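Presented below is the structure to which this report refers.
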Amino acid sequence: MTKKKFSVTGMSCAACSAAVEKAVSRLDGVESAQVNLLANSMVCTYDELKTDPSAVIAAVEKAGFGAAEAAEAGQTSAVPKAKSKEAPSDGFTAIRTRLWVSVVFLVVLMYVSMGHMIGLPLPHFLHGTQNAVPFAFLQFLLTLPVLYVNRKFYFNGFKALFHRAPNMDSLVAVGSAAAMLYGVIAIFMIGVSLGSGDPETVERYRSNLYFESAAMILTLVTVGKFLEERSKGKTGAAIAKLLDLSPKTATVLRDGEERIVPAEEIVIGDVVLLKPGERIPVDGVVLEGSSAVDQSALTGESIPVTKDEGQAVMSASVNMTGFLKIRATRVGQDTTLARIVALVEEASSSKAPISKLADRVSGIFVPAVMAIAVVAAAAWLIAGRSVEDALNACISVLVISCPCALGLATPVAIMVATGRCAQMGILIKSAEALELLHAADTVVLDKTGTITVGKPSVTDVLECVPGQLLPVAAALEKKSGHPLADAIVRYAANTATVEVNEFTDVSGKGIRGKIDGRSCFGGSYAYMEELGVDLSAVRAQAREFAESGKTPLFFARETELLGVIAAADTVKDTSAAAIRRLKDDGCEVIMLTGDNETTANAVRKELAVDRVIADVLPQDKERVVRELQNEGRKVIMVGDGINDSPALARADIGIAIGSGADIAVEEADVVLMKSDLNDVPAAIECSRQTMRNIKQNLFWAFFYNTLGIPLAAGALYPIWGITLNPMIGAAAMSLSSIFVVTNALRLYRMKS
């Protein structure tokens with residue numbers, strides 16, 4: 001299956017996106033089509049043996065919309081730059097121009113049509129029944145510019161109507177066109193009545209021209225669209241901030257010379273030179289130098305991280321204190337920054353399962369509204385009311401029912417939430433993952449690298465001969481390949497070095513060598529006993545170390561015990577608080593590890609984990625997750641290694657530690673850039689707040705239409721004599737969209 005992104009034009013509401021999805025999904029070979037109304041895009045998954053992009057584009061165009069292939073990630077050499085805040089998009093500029101023209105002509109029109117009602121003076125040629133034609137015709141002329149600048153409503157609306165897929169634009173177009181047509185008929189009737197000497201008919205039509213309603217409807221809808229565009233612009237702020245992090249130029253070393261080149265021209269293998277204060281343009285490895293690097297923009301870490309030779313650095317980080325020489329390992333669209341941007345955009349473009357409800361409703365909503373409008377008009381006429389009353393009800397129903405709020409309810413919240421999470425260092429790859437997170441009741445944690453640091457370190461030193469243990473241990477371990485050797489060498493880095501001769505690695509037992517002509521040994525308890533070393537002084541302490549999940553290593557010279565060094569993969573500082581937060585959220589926390597039962601239970605006691613499953617082979621982790629799902633649980637799996645990737649893929653939500661293996665990151669639904677377990681409950685809380693926000697938006701959209709349509713149709717007129725002016729209906733429709741977008745923007749206040 002091939003997944004391709006398309007840009008789609010001409011969409012204005014959820015009914016439009018539903019029509020596009022329906023048209024494309026009918027194509028043979030198309031597995032899925034997901035339209036993002038907010039981004040005017042569609043992601044289509046199809047079998048390239050059965051269909052192709054041209055067929056997809058043709059299907060969209062047949063449905064009455066425009067389409068084109070979007071640029072694929074990776075086609076450009078570098079991350080594109082965000083547009084300046086001072087330079088709004090062409091679409092925003094156009095709608096602002098439309099708004100100004102509409103408002104100016106509407107103000108003059110309202111003065112002419114209604115100014116006399118509040119005592120404002122009018123030219124004498126507009127006064128009286130005898131001047132009804134110039135009075136009406138001037139209003140007609142003032143309405144034309146408003147219709148012209150907002151002609152897109154008519155082009156899009158009637159085109160959708162002819163394709164039998166009416167949308168929001170169709171409602172606006174039909175409503176305002178009906179008002180305009182009535183006004184034209186009124187001018188004709190005024191002329192006829194003046195000629196036949198019928199002043200009563202002239203005055204009746206002169207007082208009910210509806211030109212101001214047609215102009216007001218278009219202007220108020222444009223006001224709503226303008227405010228909506230401004231608000232939606234803020235939803236992409238997180239991505240824009242990320243894009244702005246990429247430097248334009250960099251200093252590279254080529255042919256022995258320093259050259260300043262555009263960042264997009266850097267290739268893998270280039271040596272990049274970084275002075276303090278400069279932003280890193282690519283992912284790379286430090287070749288020379290040491291410096292504190294600020295990674296907060298990508299990971300959310302507030303404290304700079306020290307980077308030395310051999311350590312990796314990420315694009316868009318800031319070199320804070322020292323000079324660094326790095327070798328580029330990932331450039332352009334492969335850098336950490338570019339991948340983050342791509343993930344955030346992909347998540348924003350995807351659809352949460354809850355949005356399918358709005359899509360289904362929108363698909364039948366607009367045709368139903370048009371039917372209600374016709375029935376309402378017919379009911380008023382049957383009741384013996386005037387054509388003006390029937391038209392008033394018809395137009396009011398059409399304009400108050402525009403399903404803008406319904407279409408915006410989910411995508412705006414998803415875009416804001418995923419962008420805010422990215423700022424906090426939590427990358428959520430899809431809207432579905434964002435929705436499912438809040439429903440999880442079981443969190444399965446890998447131990448090594450997830451709960452623990454993933455690298456052993458010395459935890460305890462027990463000296464039997466003062467000043468002798470560390471020099472001997474460090475000298476022996478420097479030549480050892482044991483997993484704990486590096487921990488001891490690092491711990492004893494400032495200890496005076498001694499020379500080791502005749503070094504031997506005793507398989508399965510320990511190490512040996514000669515220092516100053518005397519035999520020295522290091523290894524397990526059993527190895528020391530085999531050598532005849534007296535361990536009675538440390539036996540109890542060594543047992544405590546082992547029961548605590550630590551590995552005790554014994555060191556001796558000849559048969560004299562020098563001491564014991566205990567090492568372990570220590571628990572991360574944040575793990576205890578994270579597990580406590582998960583349990584407070586009602587999740588059962590399970591630790592899944594390949595370590596032995598003793599080590600696993602030691603960690604369980606320290607962190608109060610609910611349950612431990614130890615001695616699990618890599619291939620069995622996926623089976624454990626599957627068994628938990630078969631019990632009816634919603635499972636989050638958190639891991640970092642290659643061996644965790646099958647379980648990450650199997651879980652309802654897979655969460656990868658950002659510092660983990662690439663395959664784990666690829667298989668996961670969520671990536672924690674800070675490698676901090678505290679971000680798991682933060683992601684769950686983000687999901688809860690987002691779902692709450694979406695439900696609020698959907699409730700408002702449904703409630704608004706449920707209340708507004710009967711009111712507009714005149715349901716309250718028989719009881720209280722209340723009817724709804726079309727202008728008020730248009731204003732209410734615009735306000736509903738603004739409410740939904742503003743409510744979604746509150747998600748920017750989320751904290752980790």
Side-chain angles (χ1 to χ4, degrees), residues 9-13 16 88-115 117-118 120 122 135-160 167-184 186-187 209-233 391-392 395-396 398-405 408 712 724-739 741:
T9 57
M11 296 189 299
S12 59
C13 66
C16 300
S89 67
D90 293 340
F92 182 80
T93 304
I95 200 170
R96 186 169 56 188
T97 303
R98 279 169 46 203
L99 177 61
W100 276 112
V101 173
S102 300
V103 168
V104 168
F105 280 93
L106 177 65
V107 168
V108 180
L109 174 61
M110 295 299 289
Y111 181 90
V112 172
S113 63
M114 297 182 177
M117 297 179 184
I118 55 175
L120 296 176
L122 283 176
F135 178 75
F137 194 67
L138 178 59
Q139 291 184 47
F140 170 73
L141 293 177
L142 288 170
T143 307
L144 288 179
V146 181
L147 264 64
Y148 178 76
V149 295
N150 293 292
R151 61 193 180 279
K152 71 176 286 290
F153 289 116
Y154 296 102
F155 291 151
N156 294 342
F158 284 116
K159 186 162 77 168
N167 56 21
M168 185 209 83
D169 289 346
S170 302
L171 298 179
V172 173
V174 171
S176 61
M180 192 68 182
L181 180 62
Y182 179 83
V184 171
I187 293 176
L209 290 169
Y210 276 102
F211 288 122
E212 75 281 358
S213 291
M216 182 68 82
I217 288 167
L218 292 171
T219 302
L220 287 174
V221 172
T222 303
V223 169
K225 284 290 183 185
F226 173 77
L227 296 174
E228 190 181 296
E229 285 294 322
R230 278 188 61 182
S231 299
K232 286 195 293 186
L391 186 64
N392 186 80
I395 296 172
S396 295
L398 290 172
V399 297
I400 203 171
S401 307
C402 296
C404 300
L408 293 170
L724 190 70
N725 188 291
M727 293 183 284
I728 297 173
M733 184 275 292
S734 298
L735 286 172
S736 71
S737 297
I738 296 165
F739 173 86
V741 175

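Note that the structure is predicted; figures quoted are calculated from it, not measured.
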Shortest non-hydrogen contact between I187 and A136, atoms and distance: CG1-CB, 3.7 Å

On the ring face of Y148, is R151 found with NZ or CZ under 6.0 Å from the centre and within 45° of the axis? yes

Non-hydrogen side-chain atoms of V149 and T97 separated by less than 4.5 Å: no

For a quick test of reading the model, state the closest non-hydrogen atom pair linking F211 to V184 and the distance between them. CZ-N, 3.8 Å

Ignoring hydrogens and angles, write down the donor-acceptor pairs under 3.5 Å from the side chains of residues 101-109, residues two or more places apart or on other chains.
from	atom 1	to	atom 2	distance (Å)
S102	OG	R98	O	2.7
S102	OG	N150	ND2	2.9

Measure across M180 and A214 and return the closest heavy-atom pair with its distance rounded to 0.1 Å. N-CB, 4.1 Å

Rounded to the nearest 0.5 Å, what separation is found between the CG atom of L218 and the CG atom of L99? 12.0 Å

What are the two closest non-hydrogen atoms of A173 and F153, and how far apart are they? CB-O, 3.5 Å

